[in-house]
Number of protein chains: 2
Amino acid sequence: MVAVKKRRIAPNVKMARVLRVARELFVEKGYYNVSIPAIVKASGVSTGAIYSYFANKETLARRIHEDTLAEFQQMFLQRLEGKEGVQDKLQVFAELCFDIAESDPVMMEYMLYMKHAEFMTDASPICFTEPFKLVRQYVELGMAEGVIRQQDLYVAAISYTGVILRAVELRLWCVINRPLQEISEDLVINAWAAIKA
Amino acid sequence: MVAVKKRRIAPNVKMARVLRVARELFVEKGYYNVSIPAIVKASGVSTGAIYSYFANKETLARRIHEDTLAEFQQMFLQRLEGKEGVQDKLQVFAELCFDIAESDPVMMEYMLYMKHAEFMTDASPICFTEPFKLVRQYVELGMAEGVIRQQDLYVAAISYTGVILRAVELRLWCVINRPLQEISEDLVINAWAAIKA
DNA sequence: GTCTATAGCCCGATAGAC
DNA sequence: GTCTATCGGGCTATAGAC
């Protein structure tokens, strides 16, 4: 009888598992308080396997960062299809944030809280990433069209996203205990009221 | 000749120095990435002295947390004196945040970013602390008086503070490169526009 | 009270069997 | 590729001289 060591997890899903579990742990405890042994324990993937996928802990974190941002951007672009007005496009951003916060709170928390500069020397602040650049473009367009009050571009973008993202924050902290979709309409009204002409 | 070991730092200012230096390091690197040796090096106070003031690293962090919140609350109450209307009182909160962000960015960054739950098991989220409770009281009053649109109390408070705090955030990240006082007026207008009746 | 030195622990990363 | 075992290093907290 030829004994084959039992693989508890299929090889092709191990990396995905590590990425998912590590993101959850990073969000919960912070990058520096998550050890490789902790990821091994929570994921069921061994140290050796993890180091065969990722050169080191920082590379793993970098991959999580890129994947998460790319996923957000992809969802954002998909929902933007067919939307024309600036107000609608900004609402798409708001509702995407609310939906992710409810369906995948770990992902949303990751996007809001991880101070990537902590461990990634060349990471941009999240507000310079593609989705947030898009939001600023729409705000700029809105001012050009006259539907948004003339003001500093950043001030306007901050005012809209501040309302939305702070709501997400407080929902993730369970300060708000209703699903964001229930108060989505009010929040979108307030955010728009902050900047409309 | 009786030799007396030179004290590089007067004993009565050592603790204050440790608190100030440690807060700066915690904000810059995160609690878990700041070692006692690093605090020793940056403060010039020895390990033994630090452990004579604080039972352990967590106690030091807890003290920083309490001191920082108490200082904010004291400044807030002082500026509130003589202010009557809800709009004025909320503006006091906004301007206080802007002024601290400019004059003591480490303090403001501490208030916004430290995830105290990381190392303090019984810490409240910062939005349940006294200054933020006051803000919610004023918003409640504003709705009762009819100057703020009727809506969920938390939604209204979030909408106002979201505009203000996100601006502070982006200023601390140097995304905004003008002093907040220069755009204070616009931000306060936007925050109020978000919730006014 | 305050110092230096270090004990004891856990980490990230690697070595070497399979 | 994947495993277990372990090394070197840096950490928190303490011990013991002064």
Side-chain angles (χ1 to χ4, degrees), chain A residues 1-26 28-65 114 116 118-121, chain B residues 1-26 28-65 114 116 118-121:
Chain A
M1 183 178 177
V2 178
V4 175
K5 188 172 278 186
K6 187 172 182 181
R7 293 174 194 279
R8 275 158 299 183
I9 306 166
N12 56 330
V13 297
K14 280 188 185 177
M15 191 155 98
R17 243 181 115 107
V18 168
L19 287 168
R20 188 168 46 78
V21 164
R23 185 170 70 179
E24 188 162 352
L25 289 172
F26 287 163
E28 191 194 340
K29 298 164 177 280
Y31 176 77
Y32 287 110
N33 201 38
V34 176
S35 66
I36 298 293
I39 296 172
V40 169
K41 195 172 176 184
S43 68
V45 179
S46 71
T47 310
I50 291 174
Y51 276 96
S52 80
Y53 302 135
F54 307 102
N56 50 43
K57 193 178 161 186
E58 185 186 326
T59 304
L60 165 60
R62 196 179 293 269
R63 173 64 180 274
I64 290 170
H65 182 56
M114 283 301 270
H116 303 96
E118 251 180 29
F119 56 89
M120 285 169 60
T121 48
Chain B
M1 183 178 177
V2 179
V4 174
K5 186 172 279 186
K6 187 173 181 182
R7 293 173 193 281
R8 276 159 300 184
I9 305 166
N12 55 331
V13 296
K14 280 189 184 177
M15 191 155 100
R17 244 179 113 107
V18 169
L19 287 168
R20 187 168 47 80
V21 164
R23 186 171 68 179
E24 188 162 352
L25 289 172
F26 286 163
E28 190 194 340
K29 298 164 177 280
Y31 175 77
Y32 288 111
N33 202 36
V34 175
S35 65
I36 298 294
I39 297 172
V40 169
K41 195 173 177 184
S43 68
V45 179
S46 72
T47 311
I50 291 175
Y51 276 96
S52 80
Y53 304 135
F54 307 102
N56 51 43
K57 193 178 160 185
E58 185 186 325
T59 304
L60 165 60
R62 194 179 294 270
R63 172 64 180 274
I64 289 170
H65 182 56
M114 283 302 269
H116 304 96
E118 251 180 26
F119 56 89
M120 286 169 59
T121 48

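Just so it is clear: chains get the letters A, B, ... in the order the sequence lines come, proteins before strands, and each one is counted from 1.
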Student: A cation-pi test, strictly: NZ or CZ of B:K29 under 6.0 Å from the centre of the six-membered ring of A:Y32 and no more than 45 degrees from its axis. Yes or no?
Tutor: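 Judged by the rule (NZ or CZ under 6.0 Å from the ring centre, within 45° of its axis), B:K29 is not positioned above A:Y32.
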Student: So how far is it from B:L19 CG to B:F54 CZ, rounded to the nearest 0.5 Å?
Tutor: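 Nearest 0.5 Å value for the CG-CZ distance: 4.0 Å.
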Student: Please report the interatomic distance CG(B:L25) to CG(B:N33), rounded to the nearest 0.5 Å.
Tutor: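 Spacing of CG (B:L25) from CG (B:N33) equals 10.0 Å.
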Student: Expressed as a whole number of angstroms, how long is the span from A:I50:CD1 to C:dC11:P?
Tutor: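 Going from A:I50 (CD1) to C:dC11 (P), I get 13 Å.
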Student: Within the 4.0 Å heavy-atom criterion, would you say B:V40 contacts the bases, only the backbone, or no part of the nucleic acid?
Tutor: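 It contacts nothing in the nucleic acid.
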Student: From CE of B:M15 over to C1' of C:dG1, roughly how many Å is that when rounded to an integer?
Tutor: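 The distance from CE of B:M15 to C1' of C:dG1 comes to 14 Å, rounded to the nearest Å.
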Student: Does the side chain of B:V18 reach to within under 4.5 Å of the side chain of B:M15, using non-hydrogen atoms?
Tutor: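 Not in contact.
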Student: Say you draw a straight line from OG1 of A:T59 to CD1 of A:I50; how long is it, rounded to the nearest 0.5 Å?
Tutor: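 Answer rounded to 0.5 Å: 13.0 Å.
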Student: A:K14 and A:Y53: side-chain contact (heavy atoms from CB on, under 4.5 Å), yes or no, with the steps?
Tutor: CA-CA 9 Å; A:K14 280 188 185 177; A:Y53 302 135; 3.3 Å; yes
Student: Report the distance from atom CZ of B:F26 to atom NZ of B:K57, rounding to the nearest 0.5 Å.
Tutor: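 The CZ atom of B:F26 sits 6.0 Å away from the NZ atom of B:K57.
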Student: Indicate for each nucleotide in nucleotides 13-18 of chain D, in 5' to 3' sequence, whether protein heavy atoms under 4.0 Å reach the base (B), only the sugar-phosphate (S), or nothing (-).
Tutor: BB----
Student: For B:Y32 and C:dC9, what is the distance between atoms OH and P respectively, to the nearest whole Å?
Tutor: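 Atom OH in B:Y32 sits about 20 Å away from atom P in C:dC9.
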Student: State which of D:dC3, D:dT2, C:dC3 makes the closest approach to the side chain of A:S52.
Tutor: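 The listed nucleotide nearest to A:S52's side chain is D:dT2.
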Student: Tabulate protein N/O versus nucleotide N/O from nucleotides 6-8 of chain D, keeping only pairs under 3.5 Å, one per line.
Tutor:
none

Student: State whether B:K14 places a side-chain N or O below 4.0 Å from either non-bridging phosphate oxygen (OP1 or OP2) of C:dC3.
Tutor: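 So the side-chain polar atoms of B:K14 do come within 4.0 Å of the phosphate oxygens OP1 or OP2 of C:dC3, strictly under.
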Student: Which residues pass the salt bridge (charged side-chain N to carboxylate O under 4.0 Å, His left out) test with B:R20, sequence neighbours left out?
Tutor: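 Partners of B:R20 by the salt bridge (charged side-chain N to carboxylate O under 4.0 Å, His left out) criterion come out as none, since no residue qualifies.
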Student: Picking from C:dG12, D:dT12, C:dC3, which would you name as closest to the side chain of B:S35?
Tutor: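 Among C:dG12, D:dT12, C:dC3, the one nearest the side chain of B:S35 is D:dT12.
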Student: Between atom CZ in A:F54 and atom P in D:dT2, what is the gap in whole Å?
Tutor: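 Distance, rounded to whole Å: 12 Å.
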Student: Side chains of B:L60 and B:I39: does their closest heavy-atom pair fall under 4.5 Å?
Tutor: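 Yes, at least one pair of side-chain atoms sits under 4.5 Å.
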Student: Among D:dC3, C:dC11, D:dC11, which nucleotide has an atom closest to any side-chain atom of B:P37?
Tutor: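 The closest nucleotide is D:dC11.
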